[in-house]
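In what follows, a single structure is set out as structure tokens and then discussed.
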Amino acid sequence: MTTPKPWTNWDAPAERWLLSGFPRDIRERSILLELATRIIFPTVLVLSIYLLFAGHDRPGGGFSGGLVAGQAFALRYLAGGRMDDSAIISLRPPVLIGVGLTLAIATGFVPLLFGQEVLESAIYKFTVPVLGKIKFVTSLILDTGVYVLIVGVVLDLLRTLGSGVETDAAAAAREQES
Amino acid sequence: MLALVAVHVLVALVLPVIAHRSTRAAFIVAALPPVAGLVWLLTSTGFVLGGQEHVEVVPWAPQLSLELTFRLDPLAFLLGLLVTGVGAAVLIYSISYFQQGSAAAKRSGALLLLFAGVMLGLVLSDDLITLYVFWELTTICSFLLVGQAGISRESRRSALQALMITIFGGLLMLLGFVVLGEMAGTYRISELVASPPEGAWMPVAALLILMGAFTKSAQMPFHNWLPAAMVAPTPISAYLHAASMVKAGVFLVARLAPVFLDVPEWRVSAVALGVITMVIGGWRALREHDLKRLLAYGTVSQLGFLMVLFSAGTRVSAMAGATLLLAHGLFKATSFLVVGIVDHNTGTRDIRELSGIARRMPWLAVVAVLAAASMAGIPPTLGFVAKEAAFEAFAHPHALDLVVLAGLVLGSVFTVGYSFRFLWGTFGDKTGVPATSAKPLDAVLFVPTAIPSVAGFALGIGYPFADNAAAGYADEIGETSYHLGLWHGFGAPLVCTLIALVGGSVLQYYRAGVSKARDDLPAGPDAQHGYERIMAALERAAVGVTGRSQAGSLPTYVGIILVTVILVPGGALLQAAHVPRDLRLYDNLLQIPLAICVLVAALGVLRAQRRLTAVLMVGVIGYGIGGLFVVDGAPDLALAQFLVETLTLIAFVFVLRRLPARFTQGDVSWNLRWPKALVAGTCGVFMAVAALIFSEIRQAPPVASHEFIARSEEGAGATNVVNAILVDFRAFDTVGEISVLAVAATGVASLVLASRFDRRKRSGSSRVQPSGEPVAASALNRGSSSSAFEAEATESAQASESPAAQRPSSEGNTSAKPPSVAPDSADRPSSEQEAQE
């Protein structure tokens, strides 16, 4: 058992993001934005997943969901700058893009195993005790692939046009000083 | 037969795994499929020589009437023996030749086996398209085997040259195949042979196909890739560039000779070029000091000889050709492998440095003498048998025949000359040269070397075997009662042989005089030089076209696109469209404020002085259009529009950090301002009018949309029809689109990362850094000393750097964001860079 936290530390952050220890220059920082980001970020991610699942019957889908998730990361980048791109490093945008594309294409071939056509979808309906009736359509996997790929693309954008350009500017400035 | 080819390819695919553990084991495993092929061929000897044929047809793409067709007939049998037999010998030889565990060994084992497989496929194929596929596969294998690791400039250059020349010929040949196949209505070679098509296009087909054969079989003036390819390890030269691959060209000529019997263009061009190649190749071989290059020019010469024999179109010449095909493969394989052993054990293959090898490796000398005897045509070798038949074929009192005969005899004199030169250069004692030290002979190297030459000797004595096989092929050409033999009585052929032997001996005896004579001769046109000039001209042309079409100016590109849009679809619209009826001003009151909002923002973009303002205004336009979607009842579209708009805005703002804050029109573009405005305005008006007209001219209700809506519930399990279309009805489109997105994202990332400031600095100071490398490497790869190209490449590299030089200065203008340099940021970005890479 871990020792119980003193009540003064109950609201201490458990996650390190946006608290990397390398804050931006004070002139570029907005504490309010950082705080808001820390609060909003998980919520936006949940929203993106909701959009992914809801897409079948309501507005949403993998594309919109992926964009929303990507914009959650964009918000984080806007708040933290390149000193806080831990998400990009740990998630590796090119890997995400590849995983998404592979997921979408590979599952497209699965129906062939059951004598169906490429990319054909099947519908499963079953009942779960608490949640009630659940409908699962296999095309959701394709949509998930799209979702992952879009997140990867947005993170790649943040990596190149975001931190990339920022690093570039810093290097150019150093060059001018010296 | 397909199974046999497939086994080669499959084993080649798993070979890297074995080679990872032990390259020796890999070569042993690699030798198994060719041995199996050899055994299969030998067991079907009686069957094939008895006049029967194996035929196998495998449908490939029936809708296009493409099929893989294989046929084992006497000609395929002969070359098949070489491909499998020499292949097995070379692979066993490689066990000892390549250093255990070296990268070259790991690479070469699999590639050699792959090559053996596709070459066997080429030999057995009975369909022009099948043959072409295998033909190009052998070219690719050759490229990879010659290029090896691509570390030395010479190997890259040679590999590329071989690839360029043979692919050039191969494509022309494909064209010829298509002409021929379309004329005959079949691509099956056996059917073409049975009933050759006739028509005005036959000469065209003949010449196009010959181009493929000439380039592949290194005929003048395309021969120079072959000596250059000698940079490859010797087993590869022995197999690809002596015994098998270069035979593909003459094999094709032999295959199609019955089809083109009545086409004089075929015979005249091939015979003429063959004689010239034989004579010049032999002459060039006499002056080489590098043993491999000597043999390479010898191969060029012999290929010319084969070309003459196969294209002459008489039965005797065809028999001589088929026999020489086998004989040449056997003695040339041994010769190369001998050179390989000498090179491997002494460290040199230069004639001027080797001395006294015969005493150190007497058995090797015996084997080499057998091979050289066959090469020179000394009885009782197979080479002699073949040459007798060859001289017989042209020993007629007919002016043209006699000219060809004279050429062949001259070529044979040179052949004998360089055969002696090869023996003397490799094994002889040379005055003034100390005896070369050599490692002892290795059995694993020696046995595969000895087998082909002994076989050439044995088959000379046992000539009925070659006689049967050659006659089996030559019966397609014509009918005579000629038989191969060691003794045909005193006659013209024997006299020719004697002239060749005596002349060759004289050449060797007076070698000092010969070398002086050829140094005094004026240097003729050099094919290598010609190739380099053509390549340099191509590169200059490519740079010129790219420089003009890719001006690098965004206004120019956009202008061209917009003008095209106005002219082509706009012109069509003006011609065909009529004014739509019952136009409504609006459907919903909410559209009016949204439209006004969009229009005002559009005007704002035009008036904006600062980039940020313009970007925000464009964003407003996007959101406005998203609002219109909402009003029209398309929440899915609106959602996507808002999200994409937001992301675009963010991306724009990211980029704006490195651009000047204001649009710097300056004073240059005032003249262009009105034309630009005119083009932009016209295009905008066109888009608006087109949108109105196109939506009005719909004549029937959209069927697909109704079906989508009707079926989305039960078909895709979705009540949101947009999503049902995206992930089910049109899922294939979605997959295509996300693939494009993945490619585009990767491309953008590469561009941005490659042009980063710190990289540019590094590559500017020393040209070996990552971003500088592609330019430098490609310039090197072009081969040829095209200094013009390299100069231009450097120029363009500098040009691409110049904007970089301007950027820091423009940074001064923005001034709004003083860049933050945290104390440790110097380390961190670099480590993060590595993490990203």
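Just so you know, these numbers use all the heavy atoms, side chains as well, and skip hydrogens, waters and symmetry mates. Chain A is the first sequence line, chain B the second, and so forth, proteins listed ahead of strands; every chain is numbered from 1.
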Steps toward side chain to side chain contact (heavy atoms under 4.5 Å, CB included) verdict (Val154(A), Phe73(A)): CA-CA 8 Å; Val154(A) 176; Phe73(A) 287 101; 5.6 Å; no
Is there a side-chain contact between Leu612(B) and Phe652(B) in this structure, where contact means two heavy atoms from C-beta onward sitting under 4.5 Å apart? no
Segment of Val721(B) engaging chain A (4.5 angstrom heavy-atom cut-off): neither
Chain B contact via Val118(A) - side chain, backbone, both or neither, heavy atoms under 4.5 Å: neither
Going by heavy atoms in the side chains, are Tyr77(A) and Glu166(A) under 4.5 Å from each other? yes
Applying side chain to side chain contact (heavy atoms under 4.5 Å, CB included), run through Phe654(B) and Arg657(B) and close with a yes or a no. CA-CA 6 Å; Phe654(B) 283 161; Arg657(B) 292 179 297 182; 3.8 Å; yes
side-chain hydrogen bond (donor to acceptor under 3.5 Å, both in side chains) against Asp587(B), all qualifying residues, sequence neighbours excluded: Arg584(B)
If you tally heavy-atom pairs under 4.5 Å against chain B, which of Gly162(A), Gly70(A), Gly62(A), Gly164(A) wins? Gly162(A)
I'd like to know whether Leu594(B) forms a side chain to side chain contact (heavy atoms under 4.5 Å, CB included) with Val598(B), so could you lay out the CA-CA distance, the side-chain angles of the two residues, the decisive distance to 0.1 Å, and finally the verdict. CA-CA 6 Å; Leu594(B) 282 169; Val598(B) 167; 5.6 Å; no
Flag side-chain contact, heavy atom, 4.5 Å: Val44(A) against Gln71(A): no
Counting heavy-atom pairs closer than 4.5 Å to chain B, which one of Ala122(A), Gly60(A), Gly100(A) comes out on top? Gly60(A)
Pull out the residues in residues 135-145 of chain A that come under 4.5 Å of chain B, heavy atom to heavy atom, sorted by number. Lys135(A), Val137(A), Ser139(A), Leu142(A), Asp143(A)
Select, from Gly98(A), Ser121(A), Gly108(A), the one with the greatest count of heavy-atom pairs under 4.5 Å involving chain B. Ser121(A)
By side-chain hydrogen bond (donor to acceptor under 3.5 Å, both in side chains), Arg711(B) pairs with (sequence neighbours left out) Glu707(B)
When you look at Val630(B) and Phe642(B), which way does the side chain to side chain contact (heavy atoms under 4.5 Å, CB included) test go after all the steps? CA-CA 11 Å; Val630(B) 173; Phe642(B) 282 130; 4.2 Å; yes
Just grab all the side-chain hydrogen bond (donor to acceptor under 3.5 Å, both in side chains) pairs involving residues 47-58 of chain A, residues at least two apart or on different chains. Ser48(A)-Tyr147(A), His56(A)-Asn723(B), Asp57(A)-Thr719(B)
Under 4.5 Å from any heavy atom of chain B - which part of Leu161(A): both
Heavy-atom pairs under 4.5 Å with chain B, option from Ala104(A), Gly61(A), Gly55(A) with the top count: Gly55(A)
Chain A contact via Leu647(B) - side chain, backbone, both or neither, heavy atoms under 4.5 Å: both
Against chain A, work out which of Ile738(B), Leu741(B), Val752(B) has the most heavy-atom pairs shorter than 4.5 Å and name it. Ile738(B)
Side chain / backbone / both / neither for Val727(B) at chain A, heavy atoms under 4.5 Å: both
Taking side chain as C-beta onward, heavy atoms only, is Gln591(B) less than 4.5 Å from Asp632(B)? yes
For Ala731(B), is it the side chain, the backbone, both, or neither that has a heavy atom closer than 4.5 Å to a heavy atom of chain A? both
